[in-house]
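Take a look at the structure below.
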2 protein chains.
Amino acid sequence: MARPSRYGASDLLDAAVRLAAEGGPAAVTMAAVAKSVGAPSGSVYHRFADRPALLSELWLRTLDNFQSGFLSALESTAPRTAAMDAARHTVCWARDHPAEARVLRYNPRDFEQARWPQEAGRALQAANTRVYGAVHTLAHRLGATGQVDVERVVVAVIDVPYALVQRHLQEGSPVPSHVLETVAQCTAALLPGGGEPPS
Amino acid sequence: MARPSRYGASDLLDAAVRLAAEGGPAAVTMAAVAKSVGAPSGSVYHRFADRPALLSELWLRTLDNFQSGFLSALESTAPRTAAMDAARHTVCWARDHPAEARVLRYNPRDFEQARWPQEAGRALQAANTRVYGAVHTLAHRLGATGQVDVERVVVAVIDVPYALVQRHLQEGSPVPSHVLETVAQCTAALLPGGGEPPS
DNA sequence: CAGGTTTTAGAGGTATCTCTCTAAATACAC
DNA sequence: GTGTATTTAGAGAGATACCTCTAAAACCTG
């Protein structure tokens, strides 16, 4: 049918992830991505309509790579193990995919969300509501009743592992293994019913 | 002695904070700062040797504005109230200074730390070790013994309030008042000795 | 091998940003 | 008032980024 592609979309996105992890969103220029894989800039524009389109795919692909494992961890039948598994998944995924995890440290806004194609904006919203919905129902399965209880589950399952992991990643160092235990303790302590007393 | 200055350093930094809060570090260009206060670009270069110098002062001033209150909250004699006050301070400060708080969401690296003047780099390191040292001694005063216990206090006093506040700020919405209570509960639950059981 | 489609390849226009440099304006000291 | 140090004011050079556009190359189908 046609000439085979030498620089595929996923190759370019891989390069973009590396650049973003090292130099932040500003480092993801079309020229830098092209240079990073040895392609001329025209090849990048052949795959992505413009820079916002590339950035949106970069963000959405990375987010989905993380969320898919997170969501399947939440599907465990026992709600408490679901919560613990999800929290641990965040740590393990970040440990195993440091560059991608460093991308998620930022915000869609930092990746020019305002200029994304409409479809990308909707996809992002869908992904976010899907995760928040899953955590919400988890909170109810855990017996959370009020607004504050639900918030507390969100902190336990999302914010604490995320914060602990990012603190290490942002220094460029890998995620130490003891973080897994710290997160497990903190999450357990914050879930309804509490954890073993701290000391 | 001389002509009075029309665009002071702090005016320019104020504008830079606004720009960074709205558009991220990339939006803080010398031209944008100048335009934001109605000055020609030359006036900005008269105050700051170059862009890294401006960014370093932007970061250090903002960090110090936050840390001074945080550190004085930690000085309370009763260690548990010190921890709770420090956690609450983070929430209140972010609520009252949303633009500055949104700046602190980023990393010195995002503000070109690699090109900062030496002196600024040292000041940053000093500020960080000062805070981590204070939290470290707080952890000991709270009876923390092992590595994991200390980490847990850091999570309770720093990471949890920071994460909860940033989750709201990054959507552009102000910090809701109920966050103060959520943070207080989570921090209490994570401190040695625990909090009231969740439910 | 011929036709058609996709992709590479990169030159170049336009815009923007950083930073330098000169000249003029200002206000205080004497 | 005069001198002087500081600041404003902005033009312009050099670099870089985004994006467009044209031409050629490569491969599959028939």
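Chain naming here is simple, since letters A, B, ... match the order of the sequence lines and numbering starts at 1 in each.
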Taking the basic N atoms (NZ, or NE/NH1/NH2) and the acidic carboxylate oxygens, is any pair closer than 4.0 Å for [X] and [Y]?
{"X": "Arg167(B)", "Y": "Glu151(A)", "answer": "yes"}
{"X": "Asp85(A)", "Y": "Arg80(A)", "answer": "no"}
{"X": "Arg109(A)", "Y": "Glu22(B)", "answer": "no"}
{"X": "Arg61(B)", "Y": "Asp14(B)", "answer": "yes"}

Interface residues of residues 45-57 of chain B with DNA chain C (non-hydrogen, below 4.0 angstrom):
Tyr45(B), Asp50(B), Arg51(B)
At a heavy-atom distance below 4.0 Å, what parts of residues 22-35 of chain B sit against DNA chain C?
Thr29(B), Met30(B), Ala31(B)
Side-chain heavy-atom pair Val148(B), His178(A) within 4.5 angstrom cut-off:
no
Toward the 5' end of DNA chain D, by each residue's nearest nucleotide, Tyr7(B) or Ser41(B):
Tyr7(B)
Can any side-chain N or O of Ser173(B) pair as donor or acceptor with the backbone N or O of His168(B) at less than 3.5 Å?
yes
Five pairs per end, C1' atoms only: what is the angle between the end axes of the helix from dC1(C)-dG30(D) to dC30(C)-dG1(D), to 10 degrees?
10°
Given DNA chain C, 5'-ward residue of the pair Ser5(A) and Gly42(B), judged by closest heavy atom
Ser5(A)
Would you please say whether a donor-acceptor pair under 3.5 Å links the side chains of Gln170(A) and Arg102(A)?
no
Atom CG of Leu12(A) and atom OG of Ser36(A): how far apart are they, to the nearest 0.5 Å?
9.0 Å
Got a second to check how far Arg51(B)'s CZ is from Thr29(B)'s OG1, nearest 0.5 Å?
7.0 Å
Has Ser43(A) got a side-chain N or O lying under 4.0 Å from the OP1 or OP2 atom of dT8(C)?
yes
Are OP1 or OP2 of dA25(C) and a side-chain N or O of Arg6(B) less than 4.0 angstrom apart?
no
Measure centre to centre between the rings of Phe66(B) and His89(B), then say whether the value is under 6.0 Å.
yes
